[in-house]
Amino acid sequence: MASVTVDTLQAFADAWNRHDVDALMTFMTDDCVFEASAGPDVNGVHHTGRDAVRKAFAAVWQAIPDAQWRDARHFVAGDRGVSEWTFTGTMKDGKRVEVTGCDLFTFKNGKIALKNSYRKNRPPIGG
């Protein structure tokens with residue numbers, strides 16, 4: 001069984017910055033879960049399964065077409081990992097977003113089983 005490394009998480013981050021949903025999904029398990037940083041539930045919006053996660057990932061670029069996760073830093077400890085980043089982008093109304101955040105990961109069989117996202121709650125800038 002392959003293990004997830006810091007290099008794996010950097011490749012995952014690079015795919016986010018390329019807006020490459022096909023590449024992103026190669027890192028995810030078949031029963032993957034994505035818990036978004038916002039939403040009505042205590043854990044944000046909860047997406048389960050490859051189809052739902054794929055749609056949720058792609059929706060980020062629909063809402064913020066120039067989205068980027070900059071200055072990524074990663075660590076892995078066993079079947080858990082963390083990526084810290086600064087998220088930037090422009091919303092459709094022209095307002096800018098710039099916030100720090102992190103993803104908490106759970107790994108299974110060398111892939112990402114859970115991507116749980118957190119980011120600071122800063123209002124958009126300008127517009």
Side-chain angles (χ1 to χ4, degrees):
M1 158 176 43
S3 61
V4 175
T5 65
V6 167
D7 289 339
T8 307
L9 292 182
Q10 184 58 54
F12 187 69
D14 292 343
W16 273 101
N17 287 328
R18 289 192 314 272
H19 298 193
D20 187 345
V21 74
D22 292 330
L24 288 173
M25 295 313 295
T26 67
F27 293 92
M28 308 300 293
T29 62
D30 288 338
D31 60 347
C32 57
V33 173
F34 168 45
E35 292 181 351
S37 59
D41 299 322
V42 69
N43 288 332
V45 177
H46 187 91
H47 306 275
T48 302
R50 292 184 67 79
D51 290 339
V53 168
R54 180 185 190 88
K55 287 177 188 173
F57 285 177
V60 173
W61 304 307
Q62 291 168 358
I64 304 177
D66 62 346
Q68 292 289 294
W69 293 260
R70 303 186 186 285
D71 303 319
R73 298 162 311 281
H74 315 284
F75 75 83
V76 172
D79 68 348
R80 301 296 306 268
V82 173
S83 291
E84 298 174 284
W85 33 258
T86 299
F87 176 78
T88 62
T90 309
M91 298 166 44
K92 290 184 179 183
D93 64 4
K95 292 182 180 173
R96 297 268 311 140
V97 177
E98 183 176 6
V99 294
T100 58
C102 65
D103 291 319
L104 305 180
F105 298 103
T106 301
F107 310 124
K108 182 170 71 175
N109 299 325
K111 293 197 175 215
I112 298 168
L114 171 65
K115 178 185 185 298
N116 191 353
S117 291
Y118 295 87
R119 68 181 196 191
K120 298 294 184 181
N121 187 17
R122 180 183 186 196
I125 304 163

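Nothing fancy with the numbering, it's 1 onward along the sequence. The model shown is predicted, which means the values in this text are computed figures rather than measured ones.
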- [ ] State yes or no: do Y118 and W16 share one hydrophobic cluster built from I, L, V, M, F, W and Y residues joined by side-chain heavy-atom distances below 4.5 Å, directly or via other members?
- [x] no
Open item on the list: Checking K108 against T106: is there a side-chain donor and acceptor pair closer than 3.5 Å?
Closed with: no
- [ ] Looking only at non-hydrogen atoms, find the nearest pair between G81 and F107 and report the distance.
- [x] N-CE1, 3.6 Å
Task: side-chain contact (heavy atoms from CB on, under 4.5 Å), paired with F34, selected from V45, V53, T48 - done: V53
TODO: Taking the side chain as every heavy atom from C-beta outward, state whether H47 and K55 have any pair of such atoms under 4.5 Å apart.
DONE: no
Open item on the list: Under a 3.5 Å distance rule, please check whether R80 uses its side chain to pair with a backbone N or O of F105 as donor and acceptor.
Closed with: yes
Open item on the list: Quick one: does any side-chain atom of R54 pair with a main-chain N or O of M25 as donor and acceptor, under 3.5 Å?
Closed with: no
Open item on the list: Which residues pass the side-chain hydrogen bond (donor to acceptor under 3.5 Å, both in side chains) test with Q10, not counting sequence neighbours?
Closed with: D14, H74
Task: Least distance between heavy atoms, V82 atom then C102 atom - done: CG1-CB, 4.4 Å
TODO: Mark yes or no for whether K111, through its side chain, and T26, through its backbone, hold a donor-acceptor pair below 3.5 Å.
DONE: yes
Open item on the list: Which residue is it: T100, D71, D103, N17? I am looking for the one with a side-chain hydrogen bond (donor to acceptor under 3.5 Å, both in side chains) to W85.
Closed with: D103
- [ ] Taking the side chain as every heavy atom from C-beta outward, state whether V76 and T5 have any atom pair closer than 4.5 Å.
- [x] no
Task: Spatial distance of atom OG (S83) from atom CZ (F12) [nearest 0.5 Å] - done: 8.0 Å
Open item on the list: Quick one about T29 and D31 (side-chain donor to acceptor, distance below 3.5 Å, no hydrogens or angles considered), yes or no?
Closed with: yes
